[in-house]
Amino acid sequence: MYILLIILMLLFIPFPVILDFFYKDYDIILKLYNRSIKEIQLFNRVQETKHDLQRKHFFFPFDYIREIKRFHFKPHLKVHANIILGLDDAAKTAEIFGLMNYFIQLAFLFSKNFFKIKDIDYKINPDFKKNILEIKIHSIIWINIAKTIYIVISILFIMIKTHNKYKRINYKHLKYVNN
């Protein structure tokens, strides 16, 4: 009896998932509960890759996002971000500072589709003398197992619904032209 009660409590009581993201000097560190789960070393050079342009199936992520917006049981999110930004030129630093404020607001607006945002605290500190980019993001996502099961089942139904919707459309009349 007690085991059943404990299992029911675990299903419906939310628990925090703590994620940390650090970026400095081409190093990325991703932490879960203050334990490093991924460390990536980036380089200055971006390697180019060739992609196949032809696809067999069309994918429309906006249909999924539109349906996910309607969920009532979204996980709660708290985000604290600290960004230190600097270029050698003060005018360019000011321009990038304004763009960063704009794009952070867009990112939080987009994340409202997937989370109920409880607290947002971000600080962008410009450094006009050094060439530096340092990003620290601390986030807490409150989830419980019952909501997670509901969301996974709902997403599966959405995928089936949208797949059947686009399966009925005849794509044979579309032709790919290679230039």
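Note that the structure is predicted; figures quoted are calculated from it, not measured.
Atom CG in Leu19 sits 6.5 Å away from atom CG in Leu30 (nearest 0.5 Å). In this structure, CZ on Phe114 lies 9.0 Å from NZ on Lys74, to the nearest 0.5 angstrom. The distance from the CG atom of Leu5 to the CD1 atom of Ile3 is 11.0 Å, given to the nearest 0.5 Å. Residue Asn101 holds its CG atom at 11.5 Å from CG of Leu106, rounded to the nearest 0.5 Å.
Between His80 and His138, the ring planes are parallel. Angles under 30° get that label, and only those over 60° would be called perpendicular.
No chain of hydrophobic side-chain contacts below 4.5 Å, direct or via other Ile, Leu, Val, Met, Phe, Trp or Tyr residues, connects Phe22 to Ile18. Criterion: ILVMFWY side-chain heavy atoms under 4.5 Å apart, direct or through other members. Under it, Leu109 and Phe103 are not part of a common hydrophobic cluster. Linking ILVMFWY residues whenever their side-chain heavy atoms come closer than 4.5 Å, directly or via other members, places Phe15 and Leu32 in the same cluster. Phe128 and Ile83 are members of different hydrophobic clusters when ILVMFWY side chains are connected at heavy-atom separations under 4.5 Å. No single ILVMFWY cluster, assembled from side-chain heavy atoms under 4.5 Å apart, contains both Phe97 and Ile84.
By the 4.5 Å heavy-atom criterion applied to side chains, Thr93 and Asp127 are not counted as neighbours. Between Tyr122 and Gln105 there is a side-chain heavy-atom pair separated by less than 4.5 Å. Counting heavy atoms from C-beta on, the side chains of Phe108 and Val79 come closer than 4.5 Å. Contact check for Asp20 versus Ser139: no side-chain heavy atoms found under the 4.5 Å cut-off. Between Leu85 and Ile132 there is no side-chain heavy-atom pair separated by less than 4.5 Å. The shortest distance between side-chain heavy atoms of Ile143 and Val17 falls below 4.5 Å. Asn113 is listed as a side-chain neighbour of Phe110, based on a closest heavy-atom distance under 4.5 Å. Side-chain contact between Ile140 and Asp119: absent, with no pair of heavy atoms (C-beta onward) separated by less than 4.5 Å.
Counting heavy-atom neighbours within 6.0 Å of Phe157 CZ, excluding the residue itself, gives a total of 12 or less. Counting non-hydrogen atoms of other residues, nucleotides and ligands closer than 6.0 Å to NZ of Lys116 gives a total above 12.
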- Message: Between Asn82 and Asn125, does the side chain to side chain contact (heavy atoms under 4.5 Å, CB included) criterion hold? Intermediate values first, please.
- Response: CA-CA 8 Å; Asn82 189 11; Asn125 300 321; 3.3 Å; yes
- Applying side chain to side chain contact (heavy atoms under 4.5 Å, CB included), run through Ile28 and Phe21 and close with a yes or a no. CA-CA 7 Å; Ile28 295 176; Phe21 173 83; 3.5 Å; yes
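Applying the salt bridge (charged side-chain N to carboxylate O under 4.0 Å, His left out) rule to pairs touching residues 136-159 yields Glu134-Lys136, sequence neighbours excluded.
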